[in-house]
Structures are given as C-alpha cells and as structure tokens.
Amino acid sequence: MEHTPTIRSTIETELKQRGYTFSSFSKISGINRGTFSTMLNSNPPKPISVRQMDLITKALGYPEGWLYELYIDECFYEGKGHWKRIKPFLLRCVELGRKDCIRRVLSRLTEDLSYVSTVFELAEELHEVGKKKESIPFYECVVENEKYYHSERLAISQYRLFSSSLNKNLENNRQLAIKFAPYRKKLPENHQLDALLKLVNVYFQVHDCKTTIKYAKELEVISTSVYQQQIQTRLKNREVKPLNTERHLIVYFGQAYLMQGNAHEKQGLYEEAMKFIPYYADLTGFEGLDEKGLLEARKFEMWAEANRLCLEILMGDMTSLPAYVELIKSNPAEILQGLLTIIESANIYNHTIDDILTLFAENINEFRDLRTNISYYGTNYNLVSYSRFFLELSRYYFNKGNYSEAIDCMLNSLKATSQLNDKAYYIKSITLLFEKYKDHSTHEQRTEYEKVIRAVENNIKEMTS
C-alpha cells in the first residue's frame, strides 16, 4: 500500500537525498535550526508558515509553489481550518496565480459555512487593493455557499462578479445583467448607484430601450434620494460622509436623465427625448460640488447642448447643423456620435453633407482603424458606434451612387460588429445591404466580405459551443 507523501515527509526525503543536517540546512535556508527541528520532529509538529515553506523551497532550488499542494493539509491540521495559516497561504496563491490551490482550500474551508463571511471579507480586501480579477474565485465561493438569499454580502458578491465580467461581447453582458439584476435592490445605496449605471449602459448597448429606461428611472429615484439626504445633513450643520462610489453623485443624477433621453431618441421619439434635457442642462447649482463635480456639471452642460442640436437635426431642422458642426469640432470626443447623427439625418431627409464629410475626412479615416478604448463600464462601446456609423455612411454613399466607397464602409461596419459578437442587430442589415449591391463590388471586396462573415460565424460557434 502506497503512503501519500506529506509536506514533512517530502522535505525529509529531500534533506536525506542531499545529505543535509538540520544545522547545515538552517544556514542555507535562513530558518533557525531549533525551529526547523520542531517543524519536523515535535509531537505534535510545529506548524510550518507560508514564509518558511517558501524559504525551504528556495533553498532546495525548486520553483515557487513547489510544496503548495501539500501545504493545503497544513492549513487544515486535525481536520479544522486554521485561518492564521489559510489567509497568508491564499494571498500567496493569489500572487503566484495558483487558482487550483485557491479553489481546493475554499472548497474545504466552506464545509463549515461559518467561514463564508471570512471569505467575503478577504474578497473585499483584494478588491480594495485593485486585485479585482484575483478576487473572482472568492466571490464565486460566497455565491455558491451563502445560505441567506437576502444577505447583503451575497448581493455585493453578485455585483462584483457582474462588474468584473463585463467585456466587449454584448450578449455576454446582457446575460450577466439578467443574472445580476434581481440582487440590485439588496445592495447598499452606494453600490446601487454604480450597479444601476452599469445596467443602464449594458441595456442601452444591446438596444433594449424599455429596460434602459426602467433602470434609468431607478437611478433617478436613488440619486435624488441620496442628494436630498445630503442637503438635509448640511442644513443640520453636520458633515456629509463620503459616498464611496466610483463617480461623483452628480454623475448618477445627470446620467439618469440623460440616458432616459437617449433611450427615447434611439426609438425615434425625439420630442419625448427633448423633455429630459432641462434636467441635466445646468447642474452647476448642485449642492456640494467640488472641483471634480463642477467639471462633471460642465460636461453635462455640453452634452445637453449637443443633444438638443442633435434632436433638432434628427427632426429635420438643418438650421441647427452649423452650430452642431462647430460644437463637435470643439469637442473631439463627440465627433463620432456627432457625425453619426448628421449622416442619419441626411439619410432620412435626403440631404447632401459632402462638405461635412470632407471637413472630417481625417477623423473618418481614423475611425476605419476601429481604434477603441475600454470605457468606464468595462465594455467597448466605440465598436457599437463604429458599426452604426459605417452602416449609415454606407447607406449615404449607396444613395449617392458611390458604390465602391459604400461597400468599403459596409465592410468596416461588419468588422466592428464581428468583434462585438453582436449576431443579430447589425449583421442582418449589413448582409441584406451587401446582397442588394454586391454586383457593384470588386473581387477584393467580395473576398474581404466572405472573410469577415466566416469570422462572424466562428464567433457565433464559439459562443454557443
């Protein structure tokens, strides 16, 4: 019958094979001879610390983490979890990326469910120091083992998992939002503000305007309530405690109205969308504004003016066009969305905008590279805008009879969409448009089209496998 090696038997075997005595090994390891002897020979043996294990590993010339699988039993001596050894070990496993050991320790630890709160506290510690990805297995452990459905730590764990898993795959984000949403009201207010803003963003990107408005209204209610509480606190000459949110309170307040307006705009309800602009057009009187908050208020002021002009243009009022062009020229971050608005309006009302396209030719060429920046919400919203932009620009050129440029724009739209794995919203429109005008395409354009379509199909297979 084979004996399962222990951490001590493994160390002893190494010492014997190499001819080390306790005295000689203590010199190369830096561990006191007496301490080393009690770790191996005492009855019961003295526990081995993570630091001592790493010193032994280094002295024997093995790579970091050599004894980690065996050390797990050291953490559960006599069948009980010993947190003073477990926590340093888990933190060291985090540093070395030893997810296998982390999961095995957590699995054994949560055989006693009283440890769930301890695991949650460690997850929060990791999150606070910026180790968000590393904290995921710990939050997953809490979610799997928390027995109280209404507990705050379960809601926070679900929120952390939701936030950390958002990416440029819009369908992935939608599924994450569906899974997380039932827990949102069990969160503390500060987390509710951040969570609702992320939910609004996710549903707006997947074109679910009804749900976008639902969560934006919730954000409006909570941000207003928190703001009124702060006003009352100041009236009583009391100090307003830090909110501990990712953004300034004014952001949640303003975005609640801005996104309701944007969702109505996306549905073509331009007059309804216009009604939301006054609520975020002038927030400079928002109480408690510091320098950062004032900067946010000025952003909303600019967005309000941009959205007002945008809606007027979308309703066919082209007298607003010169002012809108000047506004986006002065705010480079708004050029992509601004040009998209102008092209959409041109397609609806059959306007000619060649001079504007010439004016922004350099920007449009940059857009063709599909350069993206991961947004605050952890998603790549620029790709959505690029897909819409080049699809509308393609329609504009088709209407003008400029088929070669139109098909190039269509291919750019398809490339952006393929990276999003958005298999429904734009791909159907793009493929129908290409089939309609493919006789005007070159051999190179048809080859490129087929290449991108294959990439889209592969992405869909990966998502469904």
Side-chain angles (χ1 to χ4, degrees), residues 200-201 203-217 220 254-283 298-360 363-364 367 381-382 384-400 406 409 413 425-426 429 433:
V200 167
N201 187 68
Y203 280 103
F204 185 73
Q205 289 183 29
V206 298
H207 324 291
D208 186 340
C209 294
K210 181 179 178 181
T211 310
T212 298
I213 293 169
K214 171 187 173 181
Y215 291 132
K217 283 183 178 295
E220 174 192 334
Q255 286 287 343
Y257 292 105
L258 185 147
M259 292 305 291
Q260 287 184 69
N262 286 351
H264 281 88
E265 176 192 327
K266 185 172 278 193
Q267 297 174 89
L269 304 173
Y270 304 135
E271 291 183 1
E272 284 297 310
M274 194 75 82
K275 294 177 183 177
F276 290 94
I277 292 177
Y279 292 100
Y280 61 90
D282 184 8
L283 296 178
R298 287 171 179 156
K299 288 181 185 177
F300 280 112
E301 186 177 352
M302 184 273 292
W303 289 331
E305 178 64 8
N307 287 341
R308 182 184 65 79
L309 294 170
C310 165
L311 290 166
E312 288 172 353
I313 290 168
L314 288 172
M315 288 188 284
D317 181 5
M318 302 311 284
T319 61
S320 300
L321 190 55
Y324 192 53
V325 169
E326 287 303 312
L327 187 147
I328 63 176
K329 276 175 62 181
S330 302
N331 297 276
E334 301 299 313
I335 291 175
L336 177 58
Q337 288 295 327
L339 287 178
L340 175 56
T341 294
I342 293 169
I343 297 167
E344 283 181 328
S345 179
N347 288 339
I348 294 169
Y349 301 105
N350 199 27
H351 296 304
T352 298
I353 54 167
D354 292 352
D355 55 338
I356 296 175
L357 296 179
T358 300
L359 179 64
F360 291 98
N363 302 97
I364 295 171
F367 298 160
Y381 186 55
N382 271 3
V384 179
S385 299
Y386 284 140
S387 185
R388 290 182 62 202
F389 174 80
F390 283 110
L391 182 57
E392 290 299 325
L393 189 55
S394 178
R395 287 176 174 143
Y396 178 77
Y397 283 130
F398 275 130
N399 292 337
K400 299 228 359 139
C409 289
S413 178
Y425 194 77
Y426 291 121
S429 298
L433 201 57

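The basis for the numbers below is simple: all heavy atoms, side chains too, and nothing from hydrogens, waters or symmetry mates.
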Looking only at non-hydrogen atoms, find the nearest pair between [X] and [Y] and report the distance.
X	Y	answer
G338	Y324	CA-OH, 3.2 Å
A273	G261	CB-O, 3.2 Å
T212	M259	CG2-O, 4.3 Å
I328	I335	O-CG1, 3.3 Å

Main-chain N/O of [Y] paired with [X] side-chain donor or acceptor, under 3.5 Å:
X	Y	answer
T341	Q337	yes
Y349	L314	yes
S394	F390	no
Q260	A256	yes
K266	F204	yes

side-chain contact (heavy atoms from CB on, under 4.5 Å) evaluation trace for I213 with H264: CA-CA 8 Å; I213 293 169; H264 281 88; 3.5 Å; yes
L309 side chain reached by E312 side chain, heavy atoms, under 4.5 Å: yes
side-chain contact (heavy atoms from CB on, under 4.5 Å) for M302 and E334? Distances and angles first, verdict last. CA-CA 10 Å; M302 184 273 292; E334 301 299 313; 3.8 Å; yes
Would you say the side chains of Y215 and N201 form a donor-acceptor pair under 3.5 Å? no
Apply side-chain contact (heavy atoms from CB on, under 4.5 Å) to the pair L339 and L393, showing each step before the final yes or no. CA-CA 9 Å; L339 287 178; L393 189 55; over 6 Å; no
Above 12 or not: heavy atoms from other molecules or residues under 6.0 Å from OH of Y270? yes
